[in-house]
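Only heavy atoms go into these numbers, but all of them, side chains included; no hydrogens, no water, no symmetry mates.
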Amino acid sequence: MTYPAAQAHPVSPVAPGLAALQHAMLWLVGACGAVVMIEPSPYELATLSALIVFFATGLKLRAQFMPLLFLLIAMNIGYSTSAASVLDKSPIVNWIATSWYLAITAMFFAIVLAEDTEARLHYLLRGYVVGALVASLTGIGGYFGLIPGGYDLFTLYGRAKGTFKDPNVLGAFLILPALVTLQSVLIDRLSKAMRSGVILSIISLAILLSFSRAAWGQLVATSAFVVVIMFLMSKSQNQRLRIVLLTCLAVAALALLLVILLSLDSTSNLFRERASLEQSYDSGRFGRFGRHILGAQMALDLPFGIGPLQFTRYFPEDTHNSFLNAFMSGGWIAGVCYPALVLTTVIFGLRYLFVEVPWRRGYIAVLAAFLGTVAESFIIDTDHWRHFFLLIGAMWGMFAAAQIAMWRRTQAGRAATG
């Protein structure tokens with residue numbers, strides 16, 4: 001049995017003209033998320049503007065968001081408490097302010113995407129892909145010297161960073177738009193699939209030139225996840241065959257791209273260096289993984305942590321582990337609440353994966369990108385990445401929307417048999 005759209009899922013609670021403005025603001029937020037090489041970044045200005053627009057039209061804090069709100073507040077209380085002794089330093093104040101701001105953005109995306117979910121997610125992701133395309137083109141142009149002065153501006157240590165401060169963040173940011181365009185290649189009509197294929201190629205090249213091993217791994221693992229889920233959920237034998245064939249073509253195209261890149265001496269040397277499983281900064285007592293062990297031992301003895309940005313006072317480099325960083329920067333409070341936030345989102349994310357909703361395609365891409373970032377959180381500090389909190393908020397918004405859709409369908413079913 002099918003149900004009318006208004007009964008099946010949350011729809012826009014505002015007039016069409018105002019809804020168009022809201023959609024445009026979400027598109028702008030998604031696009032501006034790719035430009036964070038300056039502070040305050042366009043992303044901050046765009047999210048603030050969007051928050052004002054949505055707040056003026058009414059934001060509904062649903063009961064489903066109480067766990068998210070509690071964990072975000074408790075986590076930041078832990079950070080703020082641990083930072084009390086070092087708040088005389090402006091970087092610490094900025095770090096704490098950023099943490100609270102990111103928590104607000106997560107709640108904002110959750111509340112916004114709980115209503116008019118399909119349309120709002122669509123515009124947010126469309127803007128995100130446009131921003132990713134700009135970041136990718138600047139990174140590629142800078143790497144190959146195609147932009148005057150671009151090599152110094154858009155690369156770092158010989159790696160593409162585009163409109164970001166760090167190549168690793170560029171690579172991670174590009175995963176979601178890569179998945180969105182991959183989905184389009186697999187199931188959209190031919191003309192749109194071809195355009196998406198071009199965009200996917202550009203984004204994939206930028207990920208490769210970021211020389212981020214974590215981003216490389218994310219691209220492979222999350223793409224495989226998306227392909228498998230879409231294959232399993234496909235109801236058409238022809239569509240399943242298309243998914244298999246196009247996946248094989250995509251793998252062949254990626255292999256060809258790697259061959260071309262490896263034919264360039266400078267790229268080949270850096271690729272071999274980055275592709276090595278063991279880097280000098282990973283091994284040894286104070287290497288990345290050695291610091292994880294020593295830091296974990298410290299965390300057990302320090303219920304209030306050591307405060308944000310203090311880890312390098314004890315070790316040569318940062319934690320490079322978001323879960324350990326939560327303990328060190330926010331004590332046991334943040335150390336418990338941050339993993340709880342991530343784990344809860346993962347559990348709910350997998351729980352609602354097979355719920356049939358109109359926005360399930362976008363949900364699959366967002367979930368895959370979130371899971372990839374969670375995996376990366378074990379080897380790098382992702383807890384201040386803007387797009388990570390966007391993913392968290394988007395996930396919770398879609399959780400609430402799915403619950404509403406399921407309830408309405410149940411009510412409609414009872415009425416139909418009643």
Side-chain angles (χ1 to χ4, degrees), residues 33-34 36-37 102 128 132 135-136 139-140 143 154-180 182 200 203-227 254 257-258 261 267 270-284 287-293 295 311 317-326 338-339 342-343 345-346 349 365-392:
V36 292
M37 61 192 304
L102 291 174
Y128 200 122
S136 298
I140 294 168
Y143 183 86
F154 299 122
T155 67
L156 182 67
Y157 307 130
R159 301 164 57 189
K161 71 179 183 67
T163 48
F164 287 82
K165 295 181 179 180
D166 188 305
N168 292 318
V169 186
L170 169 67
F173 177 86
L174 295 178
I175 297 301
L176 177 56
L179 299 178
V180 171
L182 173 62
L200 176 59
I203 292 175
S204 298
L205 177 57
I207 293 174
L208 288 173
L209 295 180
S210 73
F211 292 96
S212 168
R213 293 175 297 164
W216 293 347
Q218 273 207 66
L219 180 62
V220 173
T222 57
S223 296
F225 178 87
V226 166
V227 169
L254 183 61
L257 178 61
L258 278 174
L261 288 176
T267 304
L270 185 54
F271 185 87
R272 289 192 180 92
E273 176 187 334
R274 295 295 301 168
S276 173
L277 294 178
E278 185 174 339
Q279 301 288 328
S280 59
Y281 50 78
D282 287 337
S283 56
R288 184 197 306 258
F289 303 112
R291 293 195 306 275
H292 292 174
I293 297 173
F311 195 76
E317 293 186 40
D318 292 323
T319 53
H320 291 308
N321 183 307
S322 296
F323 303 101
L324 173 60
N325 189 53
Y338 180 80
V342 172
L343 181 60
T345 307
V346 169
V366 172
L367 173 62
F370 176 75
L371 293 175
T373 309
V374 169
E376 189 170 354
S377 298
F378 286 95
I379 58 172
I380 199 167
D381 298 320
T382 64
D383 47 8
H384 267 198
W385 287 2
R386 292 165 176 83
H387 73 271
F388 186 44
F389 283 83
L390 183 153
L391 293 173
I392 290 176

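- To the nearest 0.5 Å, the span separating CD1 on Ile175 from OG1 on Thr373 amounts to 8.0 Å.
- A 4.5 Å side-chain heavy-atom check between Thr163 and Val36 finds every atom pair outside the cut-off.
- In this structure, the side chain of Arg159 does not engage the main chain of Pro167 through any donor-acceptor pair within 3.5 Å.
- Of all the heavy atoms in Ala368 and Val226, the pair that sits closest is CB-CG2, 3.8 Å.
- The two residues Gln218 and Ala369 come nearest to each other via the heavy atoms OE1-O, 3.9 Å.
- A distance of 9.0 Å separates CG in Leu179 from CG in Leu200, rounded to the nearest 0.5 Å.
- Counting heavy atoms from C-beta on, the side chains of Thr155 and Leu209 never come closer than 4.5 Å.
- Tyr143 and Phe154 have their aromatic ring centers separated by at least 6.0 angstrom.
- For the atom pair CG of Leu174 and CG of Leu219, the computed distance is 9.5 Å after rounding to the nearest 0.5 Å.
- Between the side chain of Asp318 and the backbone N or O of His320 there is no donor-acceptor pair closer than 3.5 Å.
- Across Ala34 and Ala132, no two heavy atoms sit closer than the pair CB-N, 4.1 Å.
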### Task
Please assess Asn325 against Phe311 for the test side-chain contact (heavy atoms from CB on, under 4.5 Å), listing each intermediate value before the final yes or no.
CA-CA 8 Å; Asn325 189 53; Phe311 195 76; 5.5 Å; no
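- Ile140 approaches Leu205 most closely through the heavy-atom pair CD1-CD2, 3.7 Å.
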#### Entry: Step-by-step side-chain contact (heavy atoms from CB on, under 4.5 Å) determination, Leu176 to His387
CA-CA 10 Å; Leu176 177 56; His387 73 271; over 6 Å; no
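- Across every non-hydrogen atom of Tyr338 and Ala326, the tightest pair is CB-CB, 3.7 Å.
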### Task
Evaluate the side-chain contact (heavy atoms from CB on, under 4.5 Å) criterion for residues Leu257 and Leu208: first the C-alpha distance (whole Å), next the side-chain angles of each, then the deciding distance (0.1 Å), finally the verdict.
CA-CA 10 Å; Leu257 178 61; Leu208 288 173; 3.6 Å; yes
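- Applying the side-chain hydrogen bond (donor to acceptor under 3.5 Å, both in side chains) criterion to Ser377, with sequence neighbours excluded, gives Thr382.
- Counting only N and O atoms by type, the side chains of Ser212 and Asn168 include a donor and acceptor under 3.5 Å apart.
- For the pair Trp216 (side chain) and Ile207 (backbone), a donor-acceptor distance under 3.5 Å is present.
- Listed by chain and number, the residues in a side-chain hydrogen bond (donor to acceptor under 3.5 Å, both in side chains) with Tyr128 amount to none (sequence neighbours excluded).
- Within the 4.5 Å cutoff, side-chain heavy atoms of Leu371 are placed close to those of Val346.
- Atom OG of Ser136 is separated from atom CD1 of Ile203 by 5.0 Å, given to the nearest 0.5 angstrom.
- For the side-chain contact (heavy atoms from CB on, under 4.5 Å) criterion with Trp385, the lone passing option out of Leu391, Ile380, Asp166 is Ile380.
- Classification of the Phe388-Phe370 ring pair by plane angle, with boundaries at 30° and 60°, yields parallel.
- When every heavy atom of Leu170 is checked against every heavy atom of Gly162, the shortest pair comes out as CD2-N, 3.9 Å.
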